[in-house]
Structure formats: structure tokens, C-alpha cells
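Quick note: numbers below take in every heavy atom, side chains included, and nothing from hydrogens, waters or symmetry partners. Residue indices begin at 1 and follow the sequence shown. Remember, predicted model here, so these are calculated numbers, not experimental data.
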Amino acid sequence: MGPLGLHGGGEFLPGDEPFLRALLTAAHPAAAERARSCLPAPADGRDPAAIRVVVVPTAAARQRPDLAVAMAEEAFRRIEAATGQAIRFEGAPILDRRSADGARWAGLLAAADLVYLPGGDPDVAPAVLAGTLALRAITAARARGAVVAGASAGAMALAAWTWTPAGSRAGLGIVPGLVVAPHFEPRALDRWRERITMAAAGLGLLGLSERTGVLSIGRSGDDHGRTWRVFGPGSAHWYPPGGGDPTVACDAETLVLPG
């Protein structure tokens with residue numbers, strides 16, 4: 001099962017490079033394994049070992065999904081130029097239920113080494129993707145080792161539960177046991193707790209600063225959750241179910257979260 005990434009927002013802007021590099025490093029094993037089985041070489045002549053990055057701007061459907069994809073490509077190309085790691089970048093404009101059930105995008109997602117859901121409106125991605133062919137393809141890609149990541153509203157959607165302007169609702173459930181609070185500041189904790197009834201659902205709250213993300217790096221030693229590493233200039237705040245003092249981690253430090 002491939003790694004998971006959650007990001008607090010401000011994705012793809014200058015300063016977000018540590019998280020993007022971490023995602024590509026984590027995606028490399030999936031790309032290498034795919035390249036070993038990719039015979040003959042791709043007909044388009046591209047490097048079969050290039051990491052296949054697919055950005056899904058579903059959460060930005062009401063805004064500028066094309067801009068979200070363009071910003072993502074520019075950011076990943078910066079990393080490609082700096083590291084020399086070849087990237088094969090694609091946007092998958094899944095903006096409604098019809099496109100989410102289309103075979104074209106499902107095939108692209110299933111072959112990805114890194115699937116990234118950037119931000120937008122928090123109600124859109126759960127409503128559009130839940131139960132669709134696209135979501136099954138994302139799950140299949142992760143099952144063979146691909147990285148699945150989300151930022152801001154995209155990260156919220158990947159969680160077990162999320163907040164929307166119409167109230168709280170189930171997320172996509174790819175990341176169990178928690179709710180993601182992007183653009184997080186500790187002084188906003190009460191507002192988040194008012195939005196989402198975490199105690200009743202047995203969920204914790206993961207607050208992530210902008211330009212800061214966490215990446216799952218394996219099972220924790222006691223096997224009660226996953227160990228996640230923090231990347232970026234901000235911090236990650238973990239508030240366990242039922243309240244209590246938070247655990248705060250900064251760049252290169254780790255957290256143990258449900259999963």
C-alpha cells in the first residue's frame with residue numbers, strides 16, 4: 001500500500017519544495033517497479049522510469065481548475081529541473097460525477113505513481129468522487145504502491161470526515177481516524193471543534209500550517225497507527241479524540257496518527 005500525504009494549503013507556491021520533493025521520493029519505488037514491467041518501452045519515447053504525476057483539481061471545479069493544474073505543473077517542473085528526476089505530468093479535470101465515472105481518467109489514475117488533489121471548496125471532492133470509477137482507480141493505484149496526497153480542501157476530502165459550508169459530512173475515508181484542518185492556527189481550534197463533532201465520531205484533529213505537509217512513512221512501532229514525517233516551514237498539530245493536549249511536530253519530526 002502506497003504512502004499518503006496531507007498538506008495544509010498554499011500548495012505549489014515557492015517554499016513548498018520540501019513537501020513536493022518528499023512526495024516524489026516516496027513515489028519513486030512505484031515508478032521503478034512499473035518501469036521494470038514496462039516492456040516494450042512507451043511508444044511516445046518518454047522515459048519509462050519517469051514518475052507519473054496526476055493532479056486532480058476536483059475541489060477547484062467552481063474556481064479555476066485549469067489554473068490549479070498549471071500551478072502544479074510549474075511547481076513539479078521546478079523540482080524536476082533541480083533534482084534531475086524525470087516527471088511525466090498529467091492533469092485529470094474530474095469536475096463532476098460524469099467525468100468521475102469516465103474510463104479515460106480512471107485509466108490515467110490507475111497508472112499514476114503520484115495522485116495529488118489540490119485545494120478549492122471543501123464540499124466538492126467528496127460529493128464528486130465518492131463511489132466513482134475515479135476513486136476506485138485512485139485506490140487501485142495506491143494498492144500497487146502509488147502515493148496519494150491532498151492539500152487544503154483536497155486533504156480534507158481524503159480524511160474520514162470533513163467540514164463543508166453546509167455542515168460536516170463523510171470524507172472519502174482514504175485517511176482514517178481524523179479530520180484535517182488546513183491553514184491551521186492553534187487559536188482557531190475552538191472554531192474547528194464547533195464545525196465538526198469529533199468526539200462522537202471518535203476522530204482526532206490534524207491541524208496543518210500552510211506550505212507544510214505530513215507524509216506517512218510506515219507503521220508505528222506499537223502498530224496502533226502510522227508514523228508520519230513533517231515537511232515544510234510550519235507545524236503539524238495533532239489533537240487526539242476526546243480532547244487533551246496536542247502533539248506538535250515541525251519539519252523533519254514525526255507524528256503517530258490513526259491508520
Side-chain angles (χ1 to χ4, degrees), residues 1-7 9-12 16 19-20 23-24 26-27 30-31 34 50-77 87-166 169-176 180 182 213:
M1 197 68 74
L4 297 166
L6 301 169
H7 188 279
E11 65 273 25
F12 311 136
D16 194 35
F19 184 67
L20 295 177
L23 292 179
L24 291 172
R34 179 181 41 72
I51 294 175
R52 293 181 176 177
V53 177
V54 179
V55 170
V56 186
T58 307
R62 300 191 191 107
Q63 302 172 25
R64 288 286 308 278
D66 57 331
L67 180 59
V69 172
M71 290 180 63
E73 181 168 18
E74 181 179 354
F76 278 110
R77 294 301 181 199
I87 295 170
R88 183 170 181 170
F89 183 93
E90 300 277 358
I94 299 171
L95 308 180
D96 52 30
R97 296 285 294 187
R98 181 176 180 179
S99 54
D101 272 322
R104 174 185 179 188
W105 303 126
L108 185 67
L109 290 166
D113 304 312
L114 167 59
V115 178
Y116 197 122
L117 281 66
D121 295 312
D123 59 316
V124 179
V128 168
L129 294 175
T132 64
L133 191 59
L135 184 60
R136 292 195 291 274
I138 291 170
T139 302
R142 184 175 173 237
R144 64 168 179 77
V147 180
V148 176
S152 191
M156 294 168 73
L158 294 179
W161 204 255
T162 188
W163 172 86
T164 78
R169 61 155 291 163
L172 298 174
I174 293 175
V175 185
V180 176

(request) Locate the shortest heavy-atom distance separating Ala59 from Ala153; write the atom from each residue and the value. (result) CB-CB, 4.0 Å

(request) Measure the shortest side-chain to side-chain distance between Val56 and Trp105 over non-hydrogen atoms and say whether it is less than 4.5 angstrom. (result) no

(message) I need the minimum non-hydrogen distance between Ala60 and Ala68, along with the two atoms involved.
(response) CB-CB, 4.4 Å

(message) Do Pro122 and Pro165 have side chains that approach each other closer than 4.5 Å (heavy atoms only, starting at C-beta)?
(response) yes

(message) Looking at every heavy atom in both Met156 and Val180, which two are closest together, and how far apart are they?
(response) CG-O, 3.5 Å

(request) With Asp113 as reference, evaluate Arg34, Arg88, Arg52 under the side-chain hydrogen bond (donor to acceptor under 3.5 Å, both in side chains) test and give the passing residue. (result) Arg34

(request) Before giving the answer on side-chain contact (heavy atoms from CB on, under 4.5 Å), spell out for Leu6 and Leu158 the whole-Å C-alpha distance, their side-chain angles and the decisive distance to 0.1 Å. (result) CA-CA 8 Å; Leu6 301 169; Leu158 294 179; 4.2 Å; yes

(request) Compare all side-chain heavy atoms of Val55 with those of Phe89 and state whether any distance is below 4.5 angstrom. (result) yes

(request) Answer yes or no: is there a side-chain heavy-atom contact under 4.5 Å between Val69 and Pro93? (result) no

(message) Angle between ring planes, His7 versus Phe19, binned at 30° and 60°: parallel, tilted or perpendicular?
(response) tilted

(message) Between Asp101 and Leu133 (side chain of the first, backbone of the second, donor and acceptor by atom type, cut-off under 3.5 Å), is there such a pair?
(response) yes

(request) For residues Leu129 and Leu172, determine if any side-chain heavy atom of one lies less than 4.5 Å from a side-chain heavy atom of the other. (result) yes

(message) Using every non-hydrogen atom in the two residues, find where Ala141 and Ala110 come nearest and quote the distance to one decimal.
(response) CB-O, 3.9 Å

(message) A side-chain contact here means heavy atoms from C-beta on lying under 4.5 Å apart; do Ile51 and Phe76 qualify?
(response) no

(request) Could you grab the distance from atom CG of Asp121 to atom CZ of Arg62, nearest 0.5 Å is fine? (result) 5.0 Å

(request) Of all the heavy-atom pairs spanning Val54 and Ala92, show the shortest one and how long it is. (result) CG1-CB, 3.8 Å

(message) Strictly distance-based, threshold 3.5 Å: is any side-chain N or O of Arg136 a donor or acceptor partner for the main-chain N or O of Gly131?
(response) yes

(request) Write down the atom of Ala27, the atom of Leu114, and the distance for their closest heavy-atom approach. (result) CB-CB, 4.2 Å

(request) May I ask you to decide if Gly119's main-chain N or O and Glu11's side chain share a donor-acceptor pair within less than 3.5 Å? (result) yes

(message) Side chains of Val128 and Ile94, heavy atoms from C-beta outward: is any pair under 4.5 Å?
(response) yes

(request) Determine whether Ile174 and Leu4 make a side-chain contact, defined as any pair of heavy atoms from C-beta on separated by less than 4.5 Å. (result) yes

(message) Checking Val148 against Ile138 for the side-chain contact (heavy atoms from CB on, under 4.5 Å) test, could you report, in this order, the C-alpha distance in whole Å, the side-chain angles of both residues, the deciding distance, and whether it holds?
(response) CA-CA 8 Å; Val148 176; Ile138 291 170; 3.8 Å; yes

(request) Spell out, as yes or no, whether a donor-acceptor pair under 3.5 Å connects the side chain of Arg144 to the backbone of Gly2. (result) no

